[in-house]
Protein chains: 2
Amino acid sequence: MAKARTAAESRPNDPDETRSNILEVAAREFADKGLAGARIDEIAEKTNSSKRMIYYYFGGKDELYRAVLERSYSSIRAREAEADFESLPADQALRAQIEHSFDYHVQHPEFVRLVMNENIHHGAHIGHIEGLKDRNRSVIASLKAIIDKGVAAGQFRPVDPVDLHMSISALCFYNVSNRYTFASNFGVDMGAADTQARRRAQVVDIILAWVMN
Amino acid sequence: MAKARTAAESRPNDPDETRSNILEVAAREFADKGLAGARIDEIAEKTNSSKRMIYYYFGGKDELYRAVLERSYSSIRAREAEADFESLPADQALRAQIEHSFDYHVQHPEFVRLVMNENIHHGAHIGHIEGLKDRNRSVIASLKAIIDKGVAAGQFRPVDPVDLHMSISALCFYNVSNRYTFASNFGVDMGAADTQARRRAQVVDIILAWVMN
DNA sequence: CATAATGTACGAAACGGTTAGCATAATAGG
DNA sequence: CCTATTATGCTAACCGTTTCGTACATTATG
C-alpha cells in the first residue's frame with residue numbers, strides 16, 4: 001500500500017528511506033520463508049512502498065535477497081569489529097568475545113535464518129558480497145591475538161583461531177538456528193530467558209574448558 | 001517419465017517401490033531447495049513414476065514433505081538406537097557416541113538440510129510425526145546412562161544429558177549445515193576428508209574436555 | 001468385472017516481472 | 001523572473017509463465 005501524498009507533503013518521498021524500508025521488510029520475509037518462499041507481492045504489501053519500487057531500486061528478487069544478505073552480514077561484522085576486548089587478560093577477553101557472539105545470535109535470529117538459507121542455496125550469493133572477506137579476516141585476527149596472549153601467559157593451549165571461531169560459532173548459532181526442532185524433540189524452549197542465560201554460561205564453559213590448560 | 005514396462009515385468013509396478021522411490025527423490029529435492037523451492041513437477045520427472053502418483057500416494061506437496069521428514073528423522077533415530085556403547089567405560093562410550101553422531105551428520109547432509117528447512121518453517125511439520133518423541137527420549141536416556149556411569153567412576157562431572165546432547169549436536173550439525181558460508185567466509189573446505197577428520201577429533205576433544213573432571 | 005495403478009491433458013491461481021505514464025523538483029535558457 | 005526540459009520518485013494496470021492440483025480416461029491383474 002503506497003502512502004498517499006497529502007497536500008502538506010506533496011514532495012517525492014525520501015529514496016533512502018524507501019530503500020531501507022524495503023530492505024527491512026524483505027529481511028524479515030526472506031529470513032522467515034527463504035528465498036523461494038518469500039513473495040515479492042507480499043514484501044511489497046508490507047512496505048510503505050510498492051512492488052514497482054522494489055524493481056526500481058533493486059532490480060529483482062535475487063538482487064533484493066543479496067542486498068538483504070549483505071546488510072545483515074555487514075551488521076554482524078561491524079558489531080564484532082566495534083567490540084575490543086584485547087586490553088583484557090586473555091581468558092576474560094575470550095569469555096567476553098563468546099558472550100558477545102552468543103548475545104548477537106540471540107538478538108538477531110533473522111541473521112541466523114538468512115545464513116541458514118544461504119547454506120541451503122549452497123552459498124550461491126554470499127560470494128558476491130564485497131569486502132566481506134576482509135572483515136572476516138579481522139575477526140580471525142582478533143581471536144588470534146587473544147589466543148596468542150593466552151598462550152604467552154601460559155593460560156591457553158595454542159588452538160587454531162579458525163577452529164576456535166568455528167566452535168564458538170557452532171554453539172552460538174545452533175542455539176538459535178535449531179530452536180524449533182529442538183523444542184519439538186526435547187521440549188526445551190530455548191527462547192526462554194532463563195534457559196538462554198544457562199546456556200550462555202555453558203557455552204563459555206565449554207570453550208574455556210577446551211582452550212585452557 | 002514413467003518407466004516403460006518390459007515384457008519380463010509387465011505387471012503394475014510395486015507400490016512400495018514406487019512410494020519409496022518418490023520419497024528418495026523428494027528428499028533430495030526438498031533438502032536441496034526447501035519446501036517452497038522444490039517443484040512437484042521436477043520431483044516427478046526425476047522419479048521412475050509420475051506426478052499423478054505423488055498425489056495418488058501422498059496427497060499433496062506438504063504431505064509429501066512431511067513424509068520425507070518423517071523418513072529422515074526415523075532413519076537417524078534408528079541409527080542412534082542401534083548403536084549400543086553402554087558396555088564400554090564411560091569416556092570411551094561417550095567418545096564413540098560423539099564420533100557416531102559426527103559421522104552420521106557428515107554422511108547425511110540431506111538430513112541436516114531438511115532440519116534446517118524445518119526450522120525455517122518454525123518447526124511447523126515436525127510435531128506431526130508420530131512416535132518421534134519416544135525415540136528422542138531414548139537418545140537422552142542413553143546419554144544419561146553414560147553420564148551416570150562416568151560420574152560413578154569419578155570420571156565425569158554431572159552434566160545434564162539434554163545439555164550434552166545439544167552441545168554434541170551443535171558441533172556436529174554446524175559442521176555440515178554451515179559448510180558453504182564458512183567456506184566462503186574463511187576459505188575452509190569442510191567437505192574435504194582431512195579437514196573432517198581433524199574436526200572430528202576436535203569435537204570429541206571439546207566435549208570430553210567439558211565433561212571430564 | 002472390480003479394483004488398484006497409471007497416463008494425459010488441462011484449469012486456476014500465484015508469481016515474478018514489465019509497460020506506460022504521472023507528479024514534483026531541480027536546472028537551464030530566454 | 002518565467003518557462004521549457006530533464007531527472008527522479010512513484011502508481012496502477014497488466015502480462016506471460018510457472019506451478020500446484022485435478023478430471024477423466026485407461027490399463028493391468030486377481
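Order of the sequence lines sets the chain letters (A, B, ...), proteins ahead of strands, with each chain counted from 1.
- In this entry the distance linking CZ of A:Arg52 with P of D:dC14 reads 17 Å, nearest Å.
- Nucleotide D:dT19 holds its P atom 14 Å from the CG atom of B:Leu35, rounded to whole Å.
- Between B:His100 and B:Phe85, some side-chain heavy-atom pair lies under the 4.5 Å cut-off.
- Remark: A:Asp148 engages A:Lys144 in a salt bridge, criterion side-chain N to carboxylate O under 4.0 Å.
- To the nearest 0.5 Å, atom CZ of residue B:Arg179 and atom CD of residue B:Gln196 are 5.0 Å apart.
- Not one side-chain nitrogen or oxygen of B:Thr18 sits closer than 4.0 Å to the OP1 or OP2 atom of C:dA5.
- Nearest nucleotide to the side chain of B:Tyr56, out of C:dT6, D:dT8, D:dG21: C:dT6.
- Between B:Tyr57 and C:dA4 there is no side-chain polar atom (N or O) within less than 4.0 angstrom of OP1 or OP2.
- Here the P atom of nucleotide C:dG7 and the CG atom of B:Asn48 are 11 Å apart, to the nearest Å.
- Distance CD1 (B:Ile54) to C1' (D:dG21): 11 Å, rounded to an integer number of Å.
- What separates CG of B:Asp41 from P of D:dG21 is a distance of 11 Å, to the nearest Å.
- Using cut-offs of 30° and 60° on the angle between ring planes, the pair A:Phe173 and B:Tyr174 is perpendicular.
- Heavy atoms of A:Phe58 sit nowhere under 4.0 angstrom from any nucleic acid atom.
- Computed from coordinates, the B:Glu45 CD to C:dT8 C1' distance equals 15 Å when rounded to whole Å.
- If you measure from atom CD1 of A:Ile40 to atom C1' of D:dT17, you get 16 Å, rounded to the nearest angstrom.
- Between A:Ser50 and D:dC10 there is no side-chain polar atom (N or O) within less than 4.0 angstrom of OP1 or OP2.
- A:Lys51 contributes a side-chain N or O that forms a donor-acceptor pair with the base of C:dG16 under 3.5 Å.
- Considering only heavy atoms from C-beta on, B:Arg199 comes within 4.5 Å of B:Leu171 through its side chain.
- Checking A:Arg39 against A:Gly59, the closest nucleotide of DNA chain C that is more toward the 5' end is the one next to A:Arg39.
- Residue-level contact check: B:Ala36 touches neither bases nor backbone, having no heavy atom under 4.0 Å from any strand.
- The phosphate of C:dT19 has neither OP1 nor OP2 within less than 4.0 Å of any side-chain N or O from A:Tyr55.
- As a whole-Å value, the separation of A:Tyr65 OH from C:dG17 C1' is 20 Å.
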